[in-house]
Amino acid sequence: MTKRIFQQARWNEKLLFELGSEGERGMLIPPFETEAGGRAENSVPESMRRQNPPHLPEISQVETLRHFLRLSQETLGAGLVADFGMATSTVKYNPPVNEQLARDARLAELHPLQDERTVQGLLEVMYRLERFLQEISGLDRVSLQPRGGSQAIYANVSMVRAFHARRGETQRDEFITTIFSHPSDAAAPNVAGCKVITLYPEESGYPGLGALKAVLSERTAGLIVTNPDDTGIFNPRIREFTDLVHAAGGLCVYDQANANGLLGVLRAREAGFDACQFNLHKTFSTPHASGGPGAGASCVTEALAPFLPAPTVEFDGEKYYLDHDRPDSIGKIGSFYGVTANFLRAYAWIMSMGADGLREAANLAVLNNNYLLKKVLEIPGVTAPYQPNQPRLDQVRYSWTELLQETGLKITDISNRSADLGMHFFFSHHPYVVSDPATLEPTESYSRRDIDTYVSSWAQIADEARTQPELVRSAPHNAPIHQMSDPTYLTDPEKWSPTWRAYRKKHSE
Ligand SMILES: Cc1ncc(COP(=O)(O)O)c(C=O)c1O
């Protein structure tokens with residue numbers, strides 16, 4: 001196999017806020033014509049007006065272009081590498097033809113406040129995409145309003161809450177989840193003001209029925225689980241789980257962000273779920289991996305349908321329209337109607353695949369994953385905890401612990417070194433029940449050659465860890481990323497800075 005030589009541009013690039021100088025301008029805004037109706041700010045109440053101008057970068061056009069050009073040289077570039085290591089984040093091929101459609105001015109230049117009669121085409125795409133997702137989930141209604149998986153999970157949890165409240169069962173405020181379900185499955189009920197009960201796995205990789213029975217009560221609002229979860233192990237007794245929850249009066253929410261191995265194979269309805277969500281930016285091939293924006297789809301049974309986010313898209317036999325008159329709705333989950341460009345991308349992808357194509361994608365994703373599993377387990381020092389040597393669905397949470405104990409290196413050293421070999425640095429989100437984890441998901445998009453290349457890079461790093469540990473410890477050498485030395489900067493609210501303002505606040509303290 002030919003190894004590619006990887007050497008990436010590395011600029012000592014500052015933040016946009018740190019570039020430029022006072023008074024520099026990228027654009028001169030024409031003076032306001034007062035005759036046109038007075039100053040706009042006069043229509044904003046005095047109490048709501050800014051006291052100080054916003055802290056915006058002051059920078060020329062050419063410097064701005066250079067800044068972004070340099071940044072673009074420091075990215076790996078979508079599709080350039082086999083992106084298997086995004087930690088329970090299905091990253092698959094996004095066919096450029098779908099991009100072409102989504103960028104067409106007839107979609108890209110629509111305004112969300114346009115009259116419904118002028119956006120019949122887009123409403124039809126939304127309506128038809130919803131029907132596809134109904135069929136794929138087996139459920140009865142869909143909302144495309146959520147901006148991503150977590151928002152859709154939150155919408156589903158809120159609908160379950162509203163359902164119980166409507167029946168006067170406000171004491172139902174407990175959600176049961178499993179430790180290997182995605183962290184959003186615990187976070188969403190927590191944000192919705194519920195208590196979260198977490199079940200831990202047995203040897204099999206999933207919790208026993210006894211553990212579930214022990215926590216069910218008249219306070220149970222619902223079950224919310226990912227299946228298969230981050231380990232790639234599918235809980236085959238899921239129907240018994242959902243039946244037990246229903247018998248206790250609760251409802252069941254399925255986190256189907258990881259639906260890629262199940263398309264056309266298993267539906268939320270038959271598994272006994274009342275609600276599920278899909279991430280269009282994963283399973284349905286719309287861009288992902290910081291190429292976003294994402295889009296989530298909330299699917300529910302008829303019993304939960306009255307609570308769907310408003311407005312819903314309806315068809316009266318002649319025209320499509322938005323129904324805002326939904327008195328039991330949980331309200332809006334985001335502004336306007338959702339990430340419409342992704343609806344068209346996902347719709348186009350489903351249309352091009354057809355029902356058989358979707359099932360074939362699922363079969364290939366599972367095949368690819370099990371080929372990868374077999375190859376990875378040939379690398380001494382890497383293991384796949386729970387059910388070793390058993391097939392998994394679409395992903396596997398591996399552990400590097402054995403190699404790290406042998407060499408004294410850290411998981412971040414291995415991940416940093418993988419960036420040197422031209423790969424997205426891998427990670428796994430918390431909780432770190434599998435120690436020193438790396439979650440890989442090869443999807444249907446990658447060839448056997450891609451998988452072999454990926455595995456040979458891991459094998460090379462494992463070998464270097466034993467023979468040249470300093471090379472690994474001081475990585476990355478060829479990639480522009482900084483050393484990722486402390487993953488808690490991604491998981492600890494005390495440390496992360498999602499905005500420049502938060503960064504400055506934390507660093508000035
Ligand atoms: C199983 C699962 N659920 C939920 C999410 C959250 O989706 P999003 O990142 O779109 O909010 C993810 C994404 O990583 C996931 O893998």
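The figures here come from the full heavy-atom set of this structure, side chains too, leaving out hydrogens, waters and symmetry mates. Just follow the structure's listing: the first ligand is 1, and inside any ligand the first atom is 1.
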Taking all atoms of both residues into account, what is the closest heavy-atom pair of Asn416 and Pro476, and its distance? O-CB, 3.7 Å
Ligand 1-proximal atoms of Gln151, by part, heavy-atom distance under 4.0 Å: neither
At a 4.0 Å threshold, what atoms of ligand 1 neighbour a non-hydrogen atom of Lys282? 12 (C), 13 (C), 14 (O), 15 (C), 16 (O)
Those atoms of ligand 1 less than 4.0 Å from some heavy atom in Gly148: 10 (O)
Is the shortest side-chain N to carboxylate O distance from Arg239 to Asp243 below 4.0 Å? yes
Decide whether Asp230 and His429 meet the rule of one side-chain donor and one side-chain acceptor closer than 3.5 Å. yes
Near Ser150, which atoms of ligand 1 are under 4.0 Å from a heavy atom of that residue? 6 (C), 7 (O), 8 (P), 11 (O)
When you check the gap from the basic side-chain N to the acidic O, do Asp173 and Lys195 get nearer than 4.0 Å? no
So if I count the atoms of ligand 1 from 1 in the order they appear, which ones are less than 4.0 Å from some heavy atom of His281? 10 (O)
May I ask you to decide whether Glu314 forms a salt bridge with Arg141, counting only side-chain N to carboxylate O separations under 4.0 Å? yes
Proximal atoms of ligand 1 relative to Thr226 (non-hydrogen, under 4.0 Å): 1 (C)
Does ligand 1 have an atom under 4.0 Å from some heavy atom of Ile153? yes
For ligand 1, which atoms, with element, lie under 4.0 Å from some heavy atom of Asp255? 1 (C), 2 (C), 3 (N), 4 (C)
I'd like to know if Gln256 contacts ligand 1, where contact means a heavy-atom distance under 4.0 Å to any ligand atom. no
Is the cationic atom of Arg131 (NZ for Lys, CZ for Arg) positioned less than 6.0 Å from the six-membered ring centroid of Tyr127 and within 45 degrees of its normal? yes
